[in-house]
Structures are given as C-alpha cells and as structure tokens.
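Reminder, nothing fancy here: chain letters follow the sequence lines and each chain counts from 1.
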Amino acid sequence: MHFARPGSIPLAVAAAVALAACAEKKEEAPAQPAAPAANAEVTVRLGHVAPLTGPQAHIGKDSENAARMAVDELNARKLEIGGAKVKFALLAEDDQADPKQGTTIAQKLVDEKVNGVIGHLNSGTTLPASRIYSDAGIPQISGSTTNPKYTQQGFATTFRLIANDVQQGQALGLFARQTLNARTVAIIDDRTAYGQGLADEFEKAVLAGGGQVVTREFTTDKATDFAAILTKIKSKRPDLVFFGGLDAQGGPMAKQLKSLGLKAVFLSGDGGCTPEMINLAGAAAEGLYCSLPGVPLERMPGGKAFGDKFSAKYGQIQLHAPYVYDAVMVMADAMQRANSVEPAKYLPEIGKTDYQGVTGRIVFDAKGDLKDGAISLYQVREGKWEYLQSVGGETAQQ
Amino acid sequence: MGLAELRRDRRAAIAATLAIGIVLAVAPFVIGATAGSTWLRIVDFALLYIMLALGLNIVVGFAGLLDMGYIAFYGVGAYLYALLASPQFGLHWPLWAILPAGAALAGLFGVILGAPTLRLRGDYLAIVTLGFGEIIRIFLNNLNAPVNITNGPQGISGIDPIRIGGVSLAKPIEVLGFTLPSLHAYYYLFLALALAIVFVSIRLENSRIGRAWVAIREDEIAAKACGINTRNVKLLAFAMGATFGGVAGGLFAGFQAFVSPESFSLMESVMVLCMVVLGGMGNIPGVILGGVLLTLLPELFRHGAGPVQQALFGKVVLDPEALRMLLFGLALIAVMLYRPAGLWPSTRRRRELRGNSA
Amino acid sequence: MAMDTFLQQIINGLVLGSIYALVALGYTMVYGIMGLINFAHGEVVMIGALVALTVINLLAGSGLPGIVIALIGLIAAAPVCMATGFAIERIAYRPLRRAPRLAPLITAIGVSIVLQNLAMLIWGRRYHSFPPILPSTGYEIFGATISGLQIAIVVIAALMMAGLSLLVQRTRLGRAMRATAENPQIAQLMGVDINRIISLTFVIGSALAAVAGLMVSANYSIAHYYMGFILGLKAFTAAVLGGIGNLAGAMLGGILLGLIEALGAGYIGDLTGGFLGSHYQDVFAFFVLILVLVFRPSGLVGEKVAERA
C-alpha cells in the first residue's frame with residue numbers, strides 16, 4: 001500500500017501520464033481480442049510469513065527477500081490473467097517462529113483476502129496455520145517447512161517446494177554409507193523440528209544401509225559451545241559426524257571439532273549448506289560436506305542469473321531464497337494456466353504444475369510434496385561449496 | 001474511586017454489571033464486523049492470557065512469590081489435552097473430562113514446584129522457578145525417545161477441536177437458523193471460563209486463604225507467628241495458580257489444534273509476568289488490563305509500524321518488524337517509569353513488595 | 001573411562017565455566033550493590049561483542065598483530081558498553097529505586113528487547129564471524145587439548161575476579177560501594193554520593209561485559225544480536241548458584257555450571273543407557289541448582305541472609 005504525500009504528487013502525475021501512454025499503446029495492438037477491458041488491473045496479494053525478529057530472523061528475511069524479488073520480476077513482466085493486467089503485491093509478515101502468532105497472521109492474511117500464501121518458515125508455525133488457510137481455501141506453498149506432517153493432513157491447499165525430512169535424510173544416509181563409505185557414524189541434532197526430523201531419518205537410512213550409529217548427541221539452536229559432546233564423540237571414534245541443524249551451530253561446531261583433534265568427516269543437511277557455514281567454520285571449513293534439495297543453481301537455466309541478481313540486491317543467499325523464489329513463480333504459473341487469480345480456480349492447477357524452476361524441475365505428488373526431487377551434495381573446496389553429485393530426480397541426469 | 005461507590009450503591013452495581021455483560025456479549029460481532037476476524041482471534045488469545053495472568057497473579061500478586069516458570073503449567077495443560085484428544089495415542093476424550101484433568105495435573109505440578117522452593121525467596125525463587133519451567137519444556141521437547149510420548153520437537157498435530165455437547169467449535173455452528181462462526185464460539189467459551197476464573201480469584205482474594213497469602217507476602221515470620229501454616233498456604237498458592245494455567249493450556253491446544261514445545265518458552269513466562277506487574281500486581285482488574293494490553297499492543301504495532309511510516313515519510317524508513325519490537329520494549333519501560341506500581345494498582349496494597357535495598 | 005577424555009571434559013567445563021563467570025561477575029556486582037538483577041546485562045555483552053567485532057573486522061587486513069587488533073577492538077567496545085550501562089541505569093533503574101521490587105525487573109526486560117532490536121537494526125540479522133587473527137594453536141596435555149585463547153579466558157576470568165575483589169575490599173571506592181550495599185540511606189548520611197557509586201558500579205560492570213563479549217566472540221568466532229539472551233541466562237544461573245552478590249561465588253558458580261554441563265553431557269547419557277543424553281544438559285544444570293538452593297538457600301558461598309531479606 002502506498003500513501004501519497006504532497007511532495008510526490010508531481011511524480012505521481014508523471015507516472016500516470018506514462019502509464020496512460022503505455023495503455024494506449026496496448027489498445028492499438030489487436031492481438032488480444034479476449035480482453036474485455038484492457039485497462040482493468042487486478043492486484044494479486046501474496047502473503048509471505050517467516051520470523052523477521054528473534055534468533056531466526058536472518059533466514060526469515062532471506063526468504064522474504066526472495067519472495068519480494070520474485071514479485072518484482074513478475075510485475076516487470078506485466079502479466080495478463082483473465083484479461084486483466086495483474087499487479088502482484090507482497091504482504092510480508094513476521095510470526096517470530098511462534099505458533100500462536102503463526103495462526104494470528106494466518107487469520108490476518110485470510111481476512112485481507114490474499115490470493116495465496118508463501119510460507120511459513122518453521123514447521124511449528126506452518127502446521128497450525130495450514131488449517132486456517134485450508135478452511136479458507138487459500139493455496140499455501142512453503143519453501144522451507146520440512147516436517148513430513150505438513151502435507152499429510154489431508155488438506156488440498158498445502159504444497160511444499162523443498163525435500164521433506166524423509167527425502168533428504170534418506171539421500172544423506174545413502175551418501176554417507178555408499179559414497180563416503182562411513183561405517184560408524186555419530187549423529188548430533190539441535191532439537192528443533194527441522195534438525196531432529198532430519199537426524200532421525202538420516203539415522204534410519206544409515207542403519208538400513210548396514211552402518212552403525214556409535215552415539216546420538218544433542219545440542220540446541222541457541223548453543224555455541226559443543227566441546228562436551230564433541231569430546232564424547234571423539235572417544236567413540238566415528239568415521240563420520242552428521243549434524244542436523246543450522247549453520248549458526250554447524251560452523252562453530254566444525255571448528256571445535258577440528259580443534260579437539262577429531263578426524264571424522266563432517267556432514268550436514270541444507271541448514272549447513274550456506275556460505276555462512278564456511279565463514280563461521282573458518283579454517284575448519286575445508287572438506288565439509290552438505291546437501292541441498294534440488295539441483296545447483298549454476299546447472300539450472302536461469303539459476304545463475306537468479307543467484308547473481310539476488311546477491312547483488314540483498315547479499316548472500318542464506319538458505320531458502322531459491323525455493324521461496326520458485327514458490328512464488330509456481331503460484332503465478334498456476335494462475336496463468338488457470339487464467340484466474342481466484343484461489344478456488346487456480347488451486348487445482350498448482351497440483352498439475354510442471355515447472356522448470358531455479359532449484360530444479362517442479363512436479364507435485366498427490367499430497368503436494370515434490371515428486372522425485374533431486375538432492376545435491378556439496379563439499380567445501382578452497383573455501384567454496386563445490387557441487388559433487390545429485391541423488392534421485394530426473395533432472396540429476398541433465 | 002468509582003469502584004468504591006459501586007460497592008455501596010447496589011442499583012448502580014447491577015446496572016454496571018448489566019452494561020458490561022451486554023458489551024461482552026456483543027463484542028465478538030462488533031469486532032468481527034468492524035476490525036475483522038484477525039482481531040477476534042487476537043481477542044480470543046487475550047482471554048487465554050487473562051486466565052494465565054490471573055493464575056500467576058495468585059502466586060506473584062497475592063502470595064508474593066516470584067514465579068518465572070509459570071508457562072510450564074500452561075504447557076502441561078496443553079500437552080495433556082493434546083495427548084488425550086488426538087491421533088497421538090488414538091484417544092479422544094471429551095472436553096469436560098480433559099479440562100479438570102489438565103487443571104488437576106497442573107495443580108500437582110504446582111505442588112511439585114512449590115515443595116522444594118519453600119525456603120527460597122525473591123531472586124533465588126525466581127531462578128529456581130525459571131529452571132523448573134525450562135526443565136518441563138526440555139522434557140516436552142525430548143520425550144519422543146526412547147518411548148514416543150510428546151512427539152518431541154515436531155509437536156502434536158491433528159488435535160481434536162473443542163466439542164461441546166457433540167458440536168465442534170472449529171466449524172460454524174447453526175443455532176436457530178443463525179450461524180455462529182467458529183471464532184465467536186471460541187470467544188464465548190473462553191469468556192465463560194475467564195469469567196469463572198475472575199470469580200474464583202475474587203472469592204479467593206477475600207477468603208481466609210487470600211488473607212493468609214497477603215499476610216505471607218507482607219511478612220512471612222509474622223504470618224507464621226499468627227498461626228498460619230505457611231508451608232501449606234504457599235503450596236496452595238502454587239497449586240491454585242497452576243490450575244488456572246492448566247485450564248488455559250487445554251483451551252489453547254483445542255483452539256490451535258497443534259502444540260509444540262516452542263509455545264512454552266521462557267519468553268512466554270516473562271510475558272505473563274509482565275502482564276501481572278504492568279497491570280497492577282495483586283489487583284484483579286489491573287491484571288486483566290495488563291493481559292489485554294500486552295496481547296493487543298504488539299499486534300497494534302504490527303498493523304501500524306509499516307503503514308504509519310508510509311504515511312509519515314512516504315516510505316518505510318525503519319524495518320517495521322524491528323520497530324515493532326522496539327516500540328514494545330519502550331512501552332514496557334515507559335509504563336513502569338510512569339506508573340511503577342502498575343497501571344491499575346490496588347488501593348489497599350500500594351506498599352506491597354516495597355524494595356528494601358539492604 | 002578414558003583418562004584423556006575425562007581430562008578434556010574437565011578442560012571443556014573449565015573454559016565454558018570461565019566464560020559464564022566473566023558474564024556472571026557483571027550480574028553479581030550490580031546485585032551486590034543494589035540487590036537488583038540487571039536482566040539486560042547479557043545484552044550489554046552482546047553490544048560489546050558486536051562493537052569489538054566491527055572494529056576488528058575493519059582492521060583484520062591491516063597487517064597489525066592479531067593481539068593488537070583484538071585489544072583495539074576491546075578499547076573501542078569498552079566505552080560503548082560503559083555508556084550503555086550508564087544509560088540503562090539512569091533511564092530504567094534509577095527512577096525506580098523506591099518503586100515496588102518487580103518494577104525494575106520489567107524495565108530490564110524492556111531494555112533487553114530494545115537493545116536486541118536496536119542491534120538488529122544496526123548490525124543486521126546476519127551472524128558475524130570473528131576473523132582468524134588470533135593464533136589457534138592447541139597445547140597438548142596428557143592427550144587433551146587447550147588453545148592459547150582458552151587459557152587466556154580462564155586466566156582473565158580469574159584475574160578479573162581477583163581485581164574486582166581487591167577493588168571492593170581495599171579501595172576507597174570499594175568501601176563506598178560496600179557502604180551503599182549495606183544501607184544506602186546511612187551511606188548517604190556518611191557523605192557517600194550513592195548515585196555516583198551506583199553509576200560507577202554499572203560502568204565497571206559494563207566494562208567487564210565488553211571483555212566478556214570479546215572473549216565469547218573470539219572463542220566461538222561468532223556474534224549475533226541474539227547472543228546475549230542465552231548467555232545472560234546461563235550467567236545469571238551461575239551467579240545464583242555461587243551466591244548472587246558474592247564475587248568469588250560468581251566465579252565458583254560459573255566454573256561449577258560449566259563443569260556440570262560438560263560432565264553431564266559427556267557421561268550421564270552412557271550412565272543412564274542413553275535415556276538422559278546431552279539433550280538434558282540444561283536439566284542437569286538446573287537440577288543441581290535446585291538441589292544446592294534447597295540445602296543452601298543463598299547459594300554456595302552466599303552470605304547467610306537473615307530470615308527477612
């Protein structure tokens with residue numbers, strides 16, 4: 001929403017004149033006979049919800065920036081849906097990763113009659129909010145919630161653009177057993193829904209692959225000192241240490257692991273697959289492994305351009321930016337195919353999505369999860385994440 | 001004060017009660033129609049926080065025991081509801097069975113907390129209760145192994161919505177050809193229970209036990225010398241306060257249909273404590289005011305921080321989310337500086353918990 | 001039980017405990033003089049860490065020796081922290097000196113929220129990493145390792161504790177502090193400017209916070225606007241464990257808490273067949289705290305408070 005202030009009136013007038021000029025040009029073009037009123041403009045309001053204050057604010061802001069960038073790009077394309085020009089507007093909300101605020105904001109977005117919702121970021125807020133969106137029939141695409149339950153509630157409105165814990169944990173377990181040939185594994189998680197969910201699935205996959213879990217240790221998502229658990233792990237002499245959690249813990253952990261003289265390989269999921277991880281691990285970063293759902297940006301058409309543009313505008317990608325960007329694009333794509341911005345009309349089209357996003361080819365299964373999504377693995381070499389291989393997914397072969 | 005006159009004049013009192021009753025009864029429709037259901041949901045939460053604040057008020061306000069882990073009882077009530085009415089164990093108990101059970105279990109936890117802390121006072125009591133609250137949260141967060149009870153950090157989803165007489169409050173209810181939306185129905189349920197808790201609080205305040213609590217707060221040794229069994233009376237304060245939390249927690253679980261440990265963090269305990277102190281410790285209307293204010297204020301800032309900047313400067317100068325919390329912090333400071341005894345302190349007890357700096 | 005692992009856990013606990021002690025000293029000083037828990041102290045530590053880190057990052061490429069850069073960072077952070085501490089006392093605590101006891105607790109919470117979000121506006125939401133300017137060489141002791149920085153942390157914590165004790169026990173300022181703590185009204189009658197003494201207490205406590213902030217961010221090579229909360233909580237626990245208001249107690253409480261956390265996470269999991277693993281680390285700490293307070297209601301070395309405190 002933009003309130004005009006006195007000083008901006010000349011500007012507004014100029015803009016109006018310019019707009020009018022554009023509109024005139026459009027009318028000259030005879031290519032669109034279907035459009036009943038070429039001047040009609042519809043505003044498509046997309047809600048984005050993530051924690052923007054509190055300890056996870058940097059990840060939340062990253063997500064919001066990506067949604068904003070996608071919306072800006074869509075607006076630059078001057079799309080027409082259902083014969084009317086559409087303008088996308090982003091309603092960015094802060095849920096502080098608090099389930100109670102998650103539902104309050106869900107209600108707020110429903111009241112404001114948003115056309116779709118991108119988010120929420122955390123499982124703890126996404127789950128209770130998804131019921132409210134489902135009751136209102138508003139499509140929801142999360143680019144970050146990994147709790148498998150999210151899409152298993154029987155709601156038609158829930159979609160996710162990131163591998164869930166099961167998918168990613170399985171891929172990581174296979175990679176640890178088969179590629180890295182680790183027989184004995186120590187597992188640490190940060191006791192968040194994300195870290196614990198991923199670590200549990202990783203453990204299952206390692207055990208199924210004939211590996212051995214020598215110890216399971218825990219920390220929190222606010223901790224900085226891991227010396228005690230790492231010392232214990234050291235005494236068990238594992239081949240590999242897996243961490244289910246985010247870079248803020250993973251980086252210092254990798255560093256302390258090295259200074260304690262632990263020789264094991266260090267592997268983490270997408271939460272540790274960030275540039276920040278390398279900064280925080282410092283000299284210990286070299287050789288770390290991690291996984292990211294999807295295919296590396298550089299390998300996707302438009303992926304590198306997205307990465308460069310995002311970095312130029314908002315700085316380093318923190319974590320979920322590419323997925324959230326794709327989420328907005330998938331939503332807009334479904335609207336275009338349905339030729340409607342009405343939630344009830346374009347919702348069925350989301351399920352039929354086959355979209356080439358910056359994170360990979362996006363096809364949903366019946367529940368709204370990514371179908372056969374690839375998981376890519378990376379290693380730090382010379383201070384940068386280098387792509388190693390992808391597991392699963394058709395796009396992996398490309 | 002007006003209140004004192006009301007006490008004397010029966011007719012005026014009845015009129016005032018009627019007026020308040022009518023306002024409370026039509027409030028959800030007015031709010032829903034003018035401000036939207038977001039605000040109605042916020043009001044529903046405010047009612048839950050009133051129950052919490054009144055519960056904590058018994059411990060902190062009446063008995064003068066500084067409890068910084070109060071949210072644990074809310075968590076106990078919420079998780080009990082979640083376990084007894086969800087697919088987690090396949091149990092689907094009715095509300096009338098769960099709420100008393102939740103209150104009783106929370107009360108038991110209140111005694112468990114109270115027992116080892118009887119000799120502690122002031123800041124030592126604060127840190128022990130804080131630790132107790134954290135211990136409960138950590139157990140909720142970790143009891144998914146070796147036996148899965150709480151489902152750990154993933155939380156429990158798919159909780160049964162609250163049903164009354166077989167009617168689910170989660171869907172609009174048809175009453176005599178008239179539809180009552182879900183949020184309205186929850187409002188009336190929460191309001192009824194909040195009023196019950198207000199009533200119990202008022203009765204307690206003026207009872208023998210209430211006076212014993214105040215005696216302990218003012219001077220524990222003198223209270224003991226007067227023949228008050230301070231141990232039992234203190235334990236009773238912890239237990240009573242905890243039961244209110246347990247009831248509110250059960251309602252929260254049914255309302256949200258999802259519980260996870262992050263709803264019961266230390267910051268929540270601190271927030272409820274702020275409601276009690278900022279409203280006017282020991283004074284029931286003050287505590288209610290504190291509960292309402294601290295629930296509404298952050299939401300007002302949320303709705304205002306962005307648009308007001310737009311209107312003033314034509315663009316968003318400061319990150320609205322940071323600004324919102326900044327304003328909230330400043331509001332806490334300003335209120336306490338301006339009214340150190342709270343916004344609406346009790347007239348009888350202005351001098352309570354006077355700091356003696358020795 | 002392997003000896004080298006055990007020794008390493010003791011070292012881990014000692015280092016962690018010294019960090020808690022560094023922060024706890026600030027809490028305990030203010031408490032000792034005013035009987036007030038300065039809940040915002042953790043945030044002052046955070047401000048110290050971020051200011052120091054900003055300066056250090058600016059100088060990291062300058063070719064100066066690492067220790068010099070770190071010291072410059074500290075010299076920059078200390079006045080900012082001192083000013084913050086001074087302002088907190090003037091704005092949020094002083095007007096409430098005669099108010100009900102819980103009023104300053106609420107303003108302290110308000111100050112915490114304000115400082116956190118202010119820091120977020122200034123330094124952004126990102127994590128800041130500490131550049132590798134300090135030597136990270138480890139020393140081997142019977143199979144366990146400790147870095148030079150970690151030795152420095154333990155030594156500095158002990159030195160600061162000793163220095164503060166000397167200040168409080170042996171100097172004129174210390175005597176005024178003790179007099180203020182004993183009875184502010186009478187101290188004032190005796191010619192002590194209690195406002196000045198209390199301000200000075202806050203300023204000294206905040207200077208300590210700057211040191212703690214630098215040490216924490218250097219040791220874990222990370223700083224963040226949210227770091228103060230958990231650090232403050234742990235340090236507060238440590239201060240109470242030792243007996244809040246007592247400087248030696250803060251040190252003892254800090255080290256004890258560090259050792260409990262390290263040994264608890266290291267051994268209790270195996271002792272209970274994996275049931276109480278490292279996810280109950282904080283539970284062990286709080287459990288010991290409750291146990292200590294049940295038997296010694298004013299902490300390990302806290303003065304015996306009369307029945308009516």
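Judged purely by atom type and a 3.5 angstrom limit, B/Tyr124 uses its side chain to pair as donor or acceptor with the backbone of C/Ile244. Put simply, the side chain of B/Arg119 never gets that close to the backbone of C/Pro297: no donor and acceptor are under 3.5 Å apart.
Neither the backbone nor the side chain of B/Met275 comes within less than 4.5 Å of any heavy atom in chain C. With a 4.5 Å cut-off on non-hydrogen atoms, B/Glu134 touches chain C through its side chain but not through its backbone. At a 4.5 Å heavy-atom cutoff, B/Leu113 makes no contact with chain C through either its backbone or its side chain. With a threshold of 4.5 angstrom between heavy atoms, C/Phe295 approaches chain B through N, CA, C or O but not through any side-chain atom.
B/Phe139 CZ: more than 12 foreign heavy atoms inside a 6.0 Å radius.
Side-chain contact check for C/Leu102 versus B/Met281: some heavy-atom pair is nearer than 4.5 Å. Counting heavy atoms from C-beta outward, C/Ile113 and B/Leu332 have side chains that approach closer than 4.5 Å. Contact of the C/Thr237 side chain with the B/Leu130 side chain is not registered, since no non-hydrogen atoms from C-beta on lie closer than 4.5 Å.
C/Met120 CE to B/Met325 CE: the interatomic distance, rounded to the nearest 0.5 Å, is 9.5 Å. Distance check: B/Ile136 CD1 to C/Phe286 CZ gives 12.5 Å after rounding to the nearest 0.5 Å.
Put simply, of C/Ala92, C/Ser112, C/Ala103, the one with the most heavy-atom pairs under 4.5 Å next to chain B is C/Ala103. Residue with the most contacts toward chain C among B/Asn142, B/Leu266, B/Val270: B/Asn142 (heavy-atom pairs, distance under 4.5 Å). Looking only at heavy-atom pairs under 4.5 Å with chain B, the residue among C/Leu96, C/Leu115, C/Leu291, C/Asp282 that has the most is C/Leu96. Heavy-atom pairs under 4.5 Å with chain B were tallied for C/Leu289, C/Val240, C/Ile91; the largest tally goes to C/Val240. Of the listed residues (B/Leu273, B/Leu278, B/Leu337, B/Leu327), the one with the most heavy-atom contacts under 4.5 Å to chain C is B/Leu337.
The two residues B/Cys274 and C/Ile109 make their nearest non-hydrogen contact at SG-CD1, 4.1 Å. C/Ala99 approaches B/Pro340 most closely through the heavy-atom pair CB-CB, 3.4 Å. Minimum heavy-atom separation, C/Thr107 to B/Met336: CG2-CB, 3.5 Å. Between C/Ile290 and B/Pro116, the shortest heavy-atom contact is CG2-CB, 4.4 Å.
In summary, of the residues considered (B/Leu125, B/Val128, B/Thr117), a side chain to side chain contact (heavy atoms under 4.5 Å, CB included) with C/Leu293 occurs for B/Val128 alone.
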Q: Would you please test B/Leu323 and C/Asn117 for side chain to side chain contact (heavy atoms under 4.5 Å, CB included) and show each step?
A: CA-CA 8 Å; B/Leu323 181 66; C/Asn117 286 282; over 6 Å; no
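With respect to the salt-bridge test (charged N to carboxylate O, under 4.0 angstrom), the residues C/Arg125 and B/Asp319 qualify.
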